Chemist: 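Pasting a structure below so you can have a look.
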Amino acid sequence: MSGTGVTFGTNHSYKAWGLKLKEIKIGLPEVKTSYVEVPGMNGSLDLTEATFGGVTYGMRTLEFSFDARNCSYTDWASLVTAIATAVHGQKLQITLDTDPDYQYTGRCELNTEKTNEVLAQIVISCNCNPYKTKADGTGGVL
């Protein structure tokens, strides 16, 4: 059995934990801008590219929502422990099955909710570097 998922370090969300990918949010990094007010000038002087010769960016946020199906309360406790041990607080390489040639690097956090005997929701959020890189670590792109 296989399913579309996300690899966090060496753990694939579906193969390792049986998580069904429900939603992906990939934020773009914030542009670091620098404007200076000059007396007598209309508008502002844009120095965004002056210091480093190009635009610089802040961090970006990736968020992945998963369903854990057929997950009793007892199973949920062990599942959360396994996932938390692997990803919570860890800085990892993150690769999406839908974009396998690139990876993101970021620190991950786990959030989870269990509201009934059958289903649990697992959310993994990652605070990542602004550029994704090729799987071999080269060629950063937005």
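None of these values were measured; they are calculated from a predicted model.
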Chemist: Determine whether Thr95 and Val6 satisfy the following criterion, side-chain contact (heavy atoms from CB on, under 4.5 Å), listing intermediate values before the conclusion.
Modeler: CA-CA 6 Å; Thr95 306; Val6 180; over 6 Å; no
Chemist: Rounded to the nearest 0.5 Å, how far apart are OG of Ser78 and OH of Tyr73?
Modeler: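 Interatomic distance, Ser78 OG to Tyr73 OH, rounded to 0.5 Å: 14.5 Å.
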Chemist: Rounded to the nearest 0.5 Å, what separation is found between the SG atom of Cys71 and the CG atom of Leu79?
Modeler: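 Going from SG on Cys71 over to CG on Leu79, the span is 5.5 Å.
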Chemist: Would you compute the distance between atom SG of Cys128 and atom CE of Met59 and round it to the nearest 0.5 angstrom?
Modeler: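 Between Cys128 SG and Met59 CE, I get 7.0 Å after rounding to 0.5 Å.
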Chemist: Is there a donor-acceptor pair under 3.5 Å between the side chain of Thr7 and the backbone N or O of Thr10?
Modeler: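 Such a contact is absent between Thr7 side chain and Thr10 backbone.
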Chemist: With a 4.5 Å heavy-atom cut-off, do Val141 and Tyr102 have their side chains touching?
Modeler: yes
Chemist: Side-chain contact, heavy-atom cut-off 4.5 Å: Ile94 with Thr105?
Modeler: no
Chemist: Checking the side chain of Asp46 only, and the main-chain atoms of Thr48 only, is there a donor and an acceptor separated by less than 3.5 Å?
Modeler: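 Yes, the answer is positive, given that a donor and an acceptor are paired below the 3.5 Å cut-off.
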Chemist: For residues Tyr104 and Tyr131, establish whether the separation of their ring centroids is below 6.0 Å.
Modeler: no
Chemist: Scan the side chains in residues 85-92 for donor-acceptor partners under 3.5 Å anywhere in the protein, sequence neighbours excluded, and list what turns up.
Modeler:
unit_1 : atom_1 : unit_2 : atom_2 : d
Thr85  : OG1    : Thr81  : O      : 2.7
His88  : ND1    : Leu110 : N      : 2.9

Chemist: In Å, rounded to the nearest 0.5 Å, how long is the span from CZ of Phe64 to OG of Ser125?
Modeler: 9.0 Å
Chemist: Between Arg60 and Asn129, is there a side-chain heavy-atom distance shorter than 4.5 Å?
Modeler: no
Chemist: Indicate every side-chain donor-acceptor pair of residues 16-45 with a distance under 3.5 Å to a residue at least two apart or in another chain.
Modeler:
unit_1 : atom_1 : unit_2 : atom_2 : d
Glu37  : OE2    : Ser44  : OG     : 2.5

Chemist: Answer yes when Asp136 and Lys134 have at least one side-chain N-carboxylate O distance shorter than 4.0 Å, and no when they do not.
Modeler: no
Chemist: If we only count heavy atoms from C-beta on, is the Ile124 to Ser13 side-chain gap below 4.5 Å?
Modeler: no
Chemist: What I'd like to find out is whether the side chain of Gln103 reaches to under 4.5 Å of the side chain of Thr133, using heavy atoms alone.
Modeler: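 Result yes, sub-4.5 Å side-chain heavy-atom pair found.
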Chemist: Which pair of heavy atoms, one from Asp99 and one from Lys132, lies closest together, and at what distance?
Modeler: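 Reported closest heavy-atom pair: OD2-NZ, 2.7 Å.
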Chemist: Does anything in residues 107-118 pair up under side chain to side chain donor-acceptor pair (under 3.5 Å), and if so which pairs, sequence neighbours excluded?
Modeler: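 Sorted pair list: Trp76-Thr112.
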Chemist: To check you understand the geometry: which heavy-atom pair defines the closest contact between Ser65 and Val123, and what is its length?
Modeler: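 Minimum heavy-atom separation between Ser65 and Val123: OG-CG2, 3.9 Å.
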Chemist: When rounded to the nearest 0.5 angstrom, what distance separates CG in Asp67 from CD1 in Ile122?
Modeler: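 Atom-to-atom, Asp67:CG and Ile122:CD1 are 9.5 Å apart.
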